[in-house]
Amino acid sequence: MSNEKNNPAEQTAAEQPRDFIRNIIAEDLASNKNDGRLATRFPPEPNGYLHIGHAKSICLNFGVAAEQGGVCHLRFDDTNPVKEENEFIDAIKADLHWLGFDWGDNEFFASNYFEQLYQWAMQLISAGKAYVDDLSGEEIRQLRGTLSEPGSNSPYRERSVAENLDLFERMRNGEFADGAKVLRAKIDMAAPNMNLRDPVMYRILHAHHHRTGDKWCIYPMYDFAHGQSDSIEKITHSICTLEFADHRPLYDWFIQQLGIFAPHQYEFARLNLGYTVMSKRKLHQLVADKHVCGWDDPRMPTLVGMRRRGYPAQAIRTFCERIGVGKSDSWIDMSVLEDCVREQLNETAPRAMAVINPLKVVLTDYPEGKVEMLDAPIHPQQPEMGRRQIPFSREIYIERDDFMMDPPKKFFRLGPEREVRLRYGYIIKCNEVIRNDAGEVVELRCSHDNATLGAAPQGRKVKGIIHWVSQAHALAVEVRQYDRLFNVASPGTNKDGVDFIDELNPGSRQILTCCYAEPALADATIGTAYQFERLGYYCADCDSDDKKLVFNQTVTLRDSWQKQK
RNA sequence: UGGGGCGUCGCCAAGCGGUAAGGCACCGGAUUUUGAUUCCGGCAUUCCCAGGUUCGAACCCUGGCGCCCCAGCCA
């Protein structure tokens with residue numbers, strides 16, 4: 001017993017998340033299946049950027065391998081040259097590393113297996129299990145039948161092995177035009193599972209492949225490449241999303257016909273997050289049609305977008321752990337992700353003050369030209385992070401929202417004749433409100449209580465505390481505030497005919513160009529998170545330059561006042 | 001109406017015949033120079049429905065109902 005408790009490995013194992021896949025793997029390992037070997041893989045197609053949905057799969061595959069002492073391969077499923085690019089390969093690898101995972105030398109490409117796949121196709125032809133079909137795509141579709149009616153055999157289905165071998169070789173040699181012929185598996189046109197109705201194995205594509213160049217003009221379909229790729233790599237547990245469950249019998253069929261190592265496939269439910277989109281097609285469209293400023297737009301659910309937004313990799317890993325892995329279609333609320341981000345950032349982010357909607361305040365009883373350096377912790381709960389000095393002077397900016405002309409009783413901030421504490425500074429009282437011709441409040445004249453620096457006020461209670469920035473020392477910055485990208489929980493899947501583009505939230509990005517931050521923020525490096533006290537977490541954006549710093553709002557602080565209102 | 005998958009709190013999710021974990025959200029309340037954090041407390045007599053088996057069922061059986069996926073020479 002005591003040994004168990006003292007063994008950190010066992011302790012963590014007990015605390016590790018359990019789900020049906022991890023349970024299966026644990027059982028397999030316990031029963032010494034696959035000689036106690038565990039190999040998983042993350043198999044992205046290099047045709048776009050990774051998003052938070054991929055992160056779920058990544059954390060599962062790499063996570064379980066790490067937990068159980070197995071390996072997780074990175075394999076690019078690059079069987080469709082017309083959609084894939086090297087740009088995406090590099091981006092995917094960078095995202096994976098950023099997320100905190102490493103695959104060592106286990107980096108593979110389905111395209112590396114093209115020759116083997118071709119040989120296996122020949123083997124199936126020789127065994128009478130595959131044939132070259134001259135039907136057009138349209139004709140194949142016609143003969144496939146429907147969900148409730150069986151399909152019918154292609155007139156080319158009974159070609160001789162010799163003819164098939166010859167034709168397939170000539171397909172490879174480039175004798176035929178795109179679409180002229182395909183190689184199909186000979187299974188069963190009446191199979192209730194559509195995937196088994198003589199699926200296409202190879203198509204002719206005179207296209208340049210990002211890795212194999214012009215070596216091939218026939219390319220295997222995903223279904224003829226994926227299972228065998230797993231087999232070649234001796235993957236023990238082939239984890240994928242639910243929609244591939246119907247393909248499992250086909251993969252198993254190929255593996256069995258070929259007599260090669262048989263990985264087992266397990267399917268889990270893909271991640272759905274509210275008020276955003278996860279489909280690559282939609283993500284591509286948002287970028288291509290400039291509805292966002294790129295794959296790394298901070299509003300995008302892509303890993304590059306979230307990174308730019310300031311989401312820590314750890315928060316994403318925590319999120320993936322928290323949502324679990326199951327088989328029921330699930331919609332996760334953004335608040336779960338945001339909570340993970342807050343939890344992480346609250347612990348690590350240095351605090352700073354910044355005013356994003358400035359209102360000028362003049363402290364009429366504070367000497368002109370005087371500057372005090374006020375002492376404040378960098379993190380109130382973590383003294384070891386050190387302290388910072390904040391310049392204070394006669395003219396400051398406060399947040400417009402922290403002043404109300406006619407405040408309700410529960411409003412603890414500033415109002416005419418009211419008092420409030422300046423964070424880490426004095427208590428001030430609003431004596432005069434200056435308005436412009438339009439009647440808008442443009443400036444406040446206040447007095448300060450000299451005895452309240454680091455001390456409680458005498459004879460009264462002042463509950464409110466507001467943040468501020470000294471005008472003379474303020475750093476002018478731009479702040480970008482973000483809201484959900486879409487107005488509806490499930491864009492593009494709602495009522496008839498509504499384009500998901502029309503469901504974009506026009507107010508998803510708000511750019512505030514006239515913001516002021518405490519001078520220490522001048523040293524902010526791109527991507528590092530700060531908490532702007534009382535507002536939220538922010539990080540410097542890559543659009544920053546020598547002239548102006550730009551900050552992205554990562555996530556707001558919880559705001560029970562906002563709720564109360 | 002062919003095949004595959006799924007239905008446990010508003011959203012996720014444990015549970016695997018012995019009498020409903022946990023997280024998010026929500027609602028209190030305490031501490032607080034961030035209306036933050038932290039901290040306490042509340043939040044499914046009930047597990048899609050209906051029968052049945054059993055001393056005992058969310059878990060087993062039967063029958064319904066509902067939702068998702070599949071008819072790309074995409075992955």
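In what follows, chains carry the letters A, B, and so on, assigned in the order in which the sequence lines appear, proteins first and then strands, with residues in each chain numbered from 1.
The aromatic rings of F109(A) and F76(A) sit parallel to each other, their planes meeting at less than 30°, with 60° as the upper class boundary. The aromatic rings of Y516(A) and Y397(A) sit parallel to each other, their planes meeting at less than 30°, with 60° as the upper class boundary.
When the P atom of rC73(B) is taken as reference, atom CG of D223(A) falls 10 Å away, rounded to whole Å. In this structure, E45(A) atom CD and rG72(B) atom P are separated by 18 Å, rounded to whole Å. In this structure, the CG atom of D246(A) is 5 Å from the C1' atom of rC70(B), given to the nearest Å. Rounded to whole Å, the distance from CG on D329(A) to C1' on rG5(B) is 8 Å. Separating the CD1 atom of I24(A) from the C1' atom of rC16(B) is a distance of 13 Å, rounded to the nearest angstrom. Atom CH2 in W561(A) sits about 17 Å away from atom P in rU37(B), given to the nearest Å. Atoms CZ (R484(A)) and C1' (rC11(B)) sit 13 Å apart, rounded to a whole Å. Atom-to-atom, NZ of K280(A) to P of rG72(B) comes out at 21 Å; the value is rounded to the nearest Å.
At the heavy-atom level, V325(A) lies under 4.0 Å from the strands shown only through sugar-phosphate atoms. Among the atoms of the strands shown, base atoms are found under 4.0 Å from some heavy atom of R413(A). Contact annotation for L147(A): base contact, defined as any heavy-atom pair under 4.0 Å involving a base atom. Across all strands shown, L250(A) has no heavy atoms under 4.0 Å from either base or sugar-phosphate atoms. Across all strands shown, R322(A) has heavy atoms under 4.0 Å from sugar-phosphate atoms exclusively, and none from any base. Using a 4.0 Å heavy-atom criterion, one finds that V200(A) contacts the sugar-phosphate atoms exclusively. As judged by a 4.0 angstrom heavy-atom cut-off over every strand, R184(A) is placed among residues making no nucleic acid contact. Nucleic acid contact for F411(A): base, since at least one base atom lies under 4.0 Å from a heavy atom of the residue. Residue A455(A) is classed as a base contact, given a heavy-atom separation below 4.0 Å to a base. As judged by a 4.0 angstrom heavy-atom cut-off over every strand, Y202(A) is placed among residues making no nucleic acid contact. Here S279(A) lies out of heavy-atom contact (under 4.0 Å) with every strand. Within 4.0 Å of P44(A), counting heavy atoms only, lies no atom of the nucleic acid at all. Among the heavy atoms of the strands lying under 4.0 Å from H247(A) is at least one base atom, whether or not backbone atoms are also near. Residue Q531(A) is classed as a base contact, given a heavy-atom separation below 4.0 Å to a base.
You'll find that the side chain of R144(A) is closest to rA71(B), out of rA71(B), rU34(B), rA14(B). The side chain of I140(A) has rC73(B) as its nearest neighbour among rU34(B), rC24(B), rC73(B). Of the candidates rA36(B), rA71(B), rG4(B), the closest approach to any side-chain atom of Q381(A) belongs to rA36(B). Here the side chain of S560(A) is nearest to one of rG3(B), rA36(B), rC73(B), namely rA36(B). Taking the side chain of M221(A) as heavy atoms from C-beta on, and the options rG23(B), rC74(B), rG7(B), the nearest nucleotide is rC74(B). Relative to the side chain of F412(A), the nucleotides rG35(B), rC74(B), rC69(B) differ in distance, and rG35(B) lies closest. Nearest to the side chain of R203(A), among rA75(B), rG35(B), rC24(B), sits rA75(B). Of all nucleotides listed (rA75(B), rU37(B), rG3(B)), rA75(B) comes nearest to the side chain of T79(A). The side chain of K563(A) has rC27(B) as its nearest neighbour among rA36(B), rA75(B), rC27(B). Of the candidate nucleotides rC74(B), rA25(B), rC70(B), rC74(B) has the atom lying nearest to any side-chain atom of N80(A).
Both distances falling under 3.5 Å, in either a Watson-Crick or a G-U wobble arrangement, place rC26(B) opposite rG42(B). If you check rA13(B) for Watson-Crick or wobble pairing at under 3.5 angstrom, you find it has no partner at all. In this structure rG35(B) sits in no base pair that meets the Watson-Crick or G-U test at under 3.5 Å. For rC6(B), the paired nucleotide is rG66(B), the pair qualifying as Watson-Crick or G-U wobble because both relevant distances are below 3.5 Å.
A ring-ring contact (aromatic ring centres under 6.0 Å, His included) with Y219(A) is found for one member of Y113(A), F114(A), Y202(A), Y118(A) and no other, namely F114(A).
Across the interface with RNA chain B, nearest-nucleotide mapping of L337(A) and P220(A) shows L337(A) to be the residue nearer the 5′ end. Toward the 5′ end of RNA chain B lies the nearest nucleotide of I323(A), the other residue of the pair R342(A) and I323(A) mapping further downstream.
Between rG23(B) and rG15(B), the two C1' atoms lie 16 Å apart (nearest whole Å). Look at the P atom in both rG52(B) and rC11(B): the space between them is 31 Å, to the nearest Å. Rounded to whole Å, the separation between the C1' atoms of rU31(B) and rA36(B) comes to 13 Å. Distance check on atom P: rG3(B) versus rC59(B) gives 25 Å, rounded to whole Å.
In this structure, rG64(B) is classed as anti because its glycosidic torsion departs from zero by more than 90°.
A 4.5 Å side-chain heavy-atom check between F254(A) and H226(A) finds every atom pair outside the cut-off.
With respect to R342(A) and D339(A), no salt bridge is recorded, no charged nitrogen being found less than 4.0 Å from a carboxylate O.
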Before you tell me yes or no, could you show the steps for D401(A) and R413(A) under salt bridge (Lys or Arg N to Asp or Glu O under 4.0 Å), namely the whole-Å CA-CA distance, both residues' side-chain angles and the distance that decides it to 0.1 Å? CA-CA 9 Å; D401(A) 285 351; R413(A) 284 105 97 154; 5.8 Å; no
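No side-chain N or O of T276(A) forms a donor-acceptor pair with one of R484(A) less than 3.5 Å apart. No hydrogens or angles considered: a donor-acceptor pair under 3.5 Å links the side chains of E87(A) and Y49(A).
At a cut-off of 3.5 angstrom, the base of rU37(B) holds no donor-acceptor pair with the side chain of R558(A). For R421(A) and rU33(B), a side-chain-to-base donor-acceptor distance below 3.5 Å is present, hydrogens and geometry of angles not being considered.
Between Y311(A) and F319(A), the gap from one ring centroid to the other reaches at least 6.0 Å.
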